[in-house]
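Within every chain, numbering begins at 1; the chains are lettered A, B, ... in the order of the sequence lines, protein sequences first and strands thereafter.
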Amino acid sequence: MGYFDFEKIFCGSTLQTAVDLLGCTLVKETEEGTAAGRIVETEAYTGPEDRAAHSYGGKRTKRTEIMFRAPGHVYTFEMHTHCLVNVVTEPEGRPEAVLIRALEPVEGIELMRARRKRQKDTELTNGPGKLTKALGITMNDYGGHFSEKPLYIVPGENPAEISSGPRIGIENTGEARDYLYRFWETRNRFVSR
DNA sequence: TGTTTGATGGGCT
DNA sequence: GCCCATCAAACAA
């Protein structure tokens, strides 16, 4: 079993990486056990030129620092008491990332149910804050790399059919609001909406 | 030190 | 579909 090929995203575009990540598997190992899900929904955040990105204008803060590092690093951040997880893309110095928005549960479903309480199975991982809770991803994962345990990505077959649309929850970002930077597997029932 | 603001989720209508 | 809890990061002062 190998890890996702982060070399190929050195020279690719973040939009292409967002598409390439669909169908790959996100795995988190904890003391409680291993939980994993197939990535079925992503969003691209293309750095300095993208008003919706945390790194818009090249803004470099404690939070966005990791986005300037090499591809494959783990960018987690908190908002509204939830933890969201991103894959850093592009070479050192170019702060772009892909947000993982939804998974289709593959392994450790009982563990996910326990972490998510009385939720229907389709509600376990169909949102960026939900999937981090189901897999046990926290701010402790910030700065790690997706080719190392305990949080990593393994390659998978890309979906046969992919849809795209505007990103979610970025109403106040001018023209960036309309960019079609959200990608998902067509008709997959685990996408967020 | 104080104030503002979300890349959300869950509950209620 | 609408409302809002809740808190760290960011930023102003």
Peer 1: Distance-only, no hydrogens or angles: does the A:Asn158 side chain make a donor-acceptor pair with backbone N or O of A:Gly23 under 3.5 Å?
Peer 2: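 Between the backbone of A:Gly23 and the side chain of A:Asn158 there is no qualifying donor-acceptor contact (under 3.5 Å).
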Peer 1: With a 3.5 Å distance limit and no angle check, can you tell me whether A:Thr125 reaches the backbone of A:Leu131 through a side-chain donor-acceptor pair?
Peer 2: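 Side chain of A:Thr125 to backbone of A:Leu131: no pair is present.
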Peer 1: Nearest whole Å is fine: how far is C:dC7 P from A:Lys62 NZ?
Peer 2: 17 Å
Peer 1: Ring pair (Phe, Tyr, Trp, His ring centres under 6.0 Å) with A:His73: which residues, sequence neighbours excluded?
Peer 2: A:His145
Peer 1: Would the distance check show the side chain of A:Arg116 and the main-chain N or O of A:Lys133 forming a donor-acceptor pair, the cut-off being under 3.5 Å?
Peer 2: no
Peer 1: Please tabulate, one pair per line, each protein N/O and nucleotide N/O from nucleotides 11-13 of chain C that are separated by under 3.5 Å, including the distance.
Peer 2:
residue: C:dC11; atom: OP1; partner: A:Lys59; partner atom: NZ; Å: 3.4

Peer 1: With rounding to the nearest 0.5 Å, note down the distance linking OH in A:Tyr179 to OG1 in A:Thr173.
Peer 2: 8.5 Å
Peer 1: Supply the members, apart from A:Tyr56, of the Ile/Leu/Val/Met/Phe/Trp/Tyr cluster built from side-chain contacts under 4.5 Å; use none for a lone residue.
Peer 2: none
Peer 1: Would a line drawn from the ring center of A:Tyr152 to the ring center of A:Phe146 be shorter than 6.0 Å?
Peer 2: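 No.
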Peer 1: I need a per-nucleotide contact map over nucleotides 5-13 of chain B, read 5' to 3'. Cutoff is protein heavy atoms under 4.0 Å; write B for the base, S for backbone only, - otherwise.
Peer 2: -BBBSS---
Peer 1: Say you draw a straight line from OG1 of A:Thr30 to CG of A:Asn140; how long is it, rounded to the nearest 0.5 Å?
Peer 2: 12.0 Å
Peer 1: If the condition is side chain to side chain contact (heavy atoms under 4.5 Å, CB included), which residues does A:Thr64 pass it with, not counting sequence neighbours?
Peer 2: A:His54, A:Thr61, A:Met67, A:Phe68, A:Tyr75
Peer 1: Tell me whether A:Glu157 at atom CD has more than 12 heavy atoms from other residues, nucleotides or ligands lying less than 6.0 Å away.
Peer 2: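 No, CD of A:Glu157 has 12 or fewer neighbouring heavy atoms, counting only those of other groups under 6.0 Å.
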Peer 1: Can you list the stems that DNA chain C is part of, where a stem is at least 3 pairs in a row, each Watson-Crick or G-U, with both distances below 3.5 Å?
Peer 2: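 Listed by first number, the stems are B:1-6 with C:7-12, B:8-12 with C:1-5.
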